[in-house]
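Down below is the structure, laid out as structure tokens.
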Amino acid sequence: MKIISTNISKIKTVLYNGKEVTTGIFKQPIDGEVAIEKLNIMGDEQADRIHHGGEDKAVYAFSFHHYDYWKPILNKRQLSNGSFGENFTISNLFEENIHIGDQLRIGTALLEVSQPRVPCYKLGLALDNKDVVKLFTKNCRTGIYFRVLEPGIAKTGHSVLIEKKSSHGVTIKDLFQAYFDRHYVGADDVLTEALSLRALAPEWKKKIEKRLSAI
């Protein structure tokens, strides 16, 4: 795995259903290094600090190899890196191979997998498609959120290495699909195991607790 593109954004104001909305989802590729800090990437702005950024969503990465899947679905011949709001577009980053709690060395920073990305309407704004949230949820190509264990520096071309692999079986794809796909066989077992994981973000633990308590 390696960084194909490094992407950041300033807060931008756009119209949504006739109302002004502020967002930092319109990421643009940049040259040079970025500083990965505990709560975010220096120079990258988030308008909604409740749902974006912070300890458990400090860095967001998306697979470069998902782009070819999305181009025909979105009827777009071109999708620039960063189109999904990711800080890092990374080759061979597949949700079915990455587990909650895996630790990855990205540049000189050490990151820990904390949760899948759950899309909101702002993804539809970024991709100019009102159906994209539903489509994104259905295909489970979510990208990955990380917390920062060791701050560092990264840039396009840097290697991405798994330094510590978690011993459990809950991958990003398993967790996302178990929560959102009502036909997923063994969903309750996956959610129960995920709930026991130290590295899982508190936001997801609350979601799972609510789901399991309703059974």
Side-chain angles (χ1 to χ4, degrees), residues 4-31 34 36-37 39-90 93 95 113-148 172-173 175-177 179-182 201-208 210-211:
I4 301 297
S5 182
T6 303
N7 318 295
I8 64 174
S9 66
K10 298 294 184 182
I11 294 173
K12 184 177 181 179
T13 300
V14 296
L15 283 178
Y16 175 73
N17 289 341
K19 297 181 179 179
E20 289 189 346
V21 174
T22 56
T23 178
I25 200 169
F26 296 98
K27 308 297 185 194
Q28 295 294 320
I30 64 166
D31 296 323
V34 291
I36 302 174
E37 302 183 324
L39 300 182
N40 63 2
I41 291 176
M42 185 178 293
D44 187 46
E45 297 182 353
Q46 297 86 35
D48 180 359
R49 298 306 295 270
I50 294 176
H51 298 102
H52 302 283
E55 182 178 353
D56 297 309
K57 293 181 179 178
V59 176
Y60 176 54
F62 193 75
S63 178
F64 173 75
H65 297 281
H66 291 344
Y67 273 76
D68 284 342
Y69 169 88
W70 277 105
K71 287 175 184 176
I73 290 177
L74 297 173
N75 195 27
K76 292 180 181 290
R77 291 185 177 182
Q78 297 295 327
L79 278 173
S80 63
N81 294 324
S83 290
F84 292 85
E86 74 271 20
N87 299 117
F88 295 111
T89 313
I90 294 176
L93 182 73
E95 291 81 359
V113 176
S114 60
Q115 61 191 301
R117 186 253 193 97
V118 178
C120 70
Y121 73 93
K122 291 182 179 179
L123 182 61
L125 284 175
L127 296 169
D128 191 26
N129 188 309
K130 61 182 177 59
D131 297 321
V132 76
V133 172
K134 184 187 298 183
L135 294 169
F136 193 87
T137 302
K138 184 178 180 180
N139 70 51
C140 299
R141 292 172 171 87
T142 65
I144 299 168
Y145 272 119
F146 297 88
R147 63 175 59 88
V148 179
I172 287 290
K173 183 178 180 181
L175 177 56
F176 191 86
Q177 194 168 5
Y179 188 84
F180 285 101
D181 183 355
R182 296 188 179 278
E203 173 186 348
W204 265 84
K205 289 191 175 185
K206 289 178 182 178
K207 291 161 68 77
I208 293 172
K210 185 176 181 180
R211 168 67 58 81

Approximate separation, where rounding is to 0.5 Å, of [X] [atom1] and [Y] [atom2]:
X	Y	atom1	atom2	result
R147	Q115	CZ	CD	8.0 Å
D44	L39	CG	CG	12.5 Å
S114	I172	OG	CD1	7.5 Å
I73	L127	CD1	CG	11.5 Å
N129	L74	CG	CG	5.5 Å
W204	L175	CH2	CG	4.5 Å

* **With D68 via salt bridge (Lys or Arg N to Asp or Glu O under 4.0 Å) - residues at least two apart** =>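 So D68 forms a salt bridge (Lys or Arg N to Asp or Glu O under 4.0 Å) with K71.
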* To do: Under the salt bridge (Lys or Arg N to Asp or Glu O under 4.0 Å) rule, collect the residues that match up with K134, sequence neighbours excluded.
  =>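 Once residues adjacent in sequence are excluded, K134 has no partner under the salt bridge (Lys or Arg N to Asp or Glu O under 4.0 Å) criterion.
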* To do: Run the salt-bridge test on R117 and E86 with the 4.0 Å N-O cut-off and return the result as yes or no.
  =>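 Not counted as a salt bridge, because no side-chain N and carboxylate O are separated by less than 4.0 Å.
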Which atom pair, heavy atoms only, marks the closest approach of [X] to [Y]?
X	Y	result
A58	V148	CB-CG2, 3.8 Å
P119	T137	CG-OG1, 3.7 Å
I208	Y179	N-CE1, 4.4 Å
H66	E95	NE2-OE1, 2.9 Å
S63	Y67	O-CD1, 3.7 Å
P116	T142	CB-OG1, 3.8 Å

* To do: Could you check D56 against E203 for side-chain contact (heavy atoms from CB on, under 4.5 Å), going step by step and ending with a plain yes or no?
  => CA-CA 9 Å; D56 297 309; E203 173 186 348; over 6 Å; no
* To do: Apply side-chain contact (heavy atoms from CB on, under 4.5 Å) to T89 and F62, showing your working.
  => CA-CA 5 Å; T89 313; F62 193 75; 5.7 Å; no
* Parallel, tilted or perpendicular: rings of W70 and F84 (30°, 60°) ->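 F84 vs W70 ring planes: tilted.
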* Asked: Is F64 atom CZ crowded by more than 12 heavy atoms from other residues, nucleotides or ligands, each under 6.0 Å away?
  ->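 No - once you tally the heavy atoms of other residues, nucleotides and ligands closer than 6.0 Å, there are 12 at most.
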Within the distance-only criterion (no hydrogens, no angle test), does the side chain of [X] pair as donor or acceptor with the backbone N or O of [Y] below 3.5 angstrom?
X	Y	value
K122	F26	no
E45	I11	yes
T6	I30	no

* Residue of the set Q28, K27, Q46 for which side-chain hydrogen bond (donor to acceptor under 3.5 Å, both in side chains) holds with S9 ->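 Of the listed residues Q28, K27, Q46, the side-chain hydrogen bond (donor to acceptor under 3.5 Å, both in side chains) partner of S9 is K27.
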* Asked: Is any side-chain heavy atom of F88 less than 4.5 Å from a side-chain heavy atom of N7?
  ->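 No, side chains not in contact.
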* To do: Determine whether L15 and E20 make a side-chain contact, defined as any pair of heavy atoms from C-beta on separated by less than 4.5 Å.
  =>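 Yes, close enough: below the 4.5 Å cut-off.
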* Would you check, one step at a time, whether the test side-chain contact (heavy atoms from CB on, under 4.5 Å) holds for Y16 with T23? => CA-CA 11 Å; Y16 175 73; T23 178; over 6 Å; no
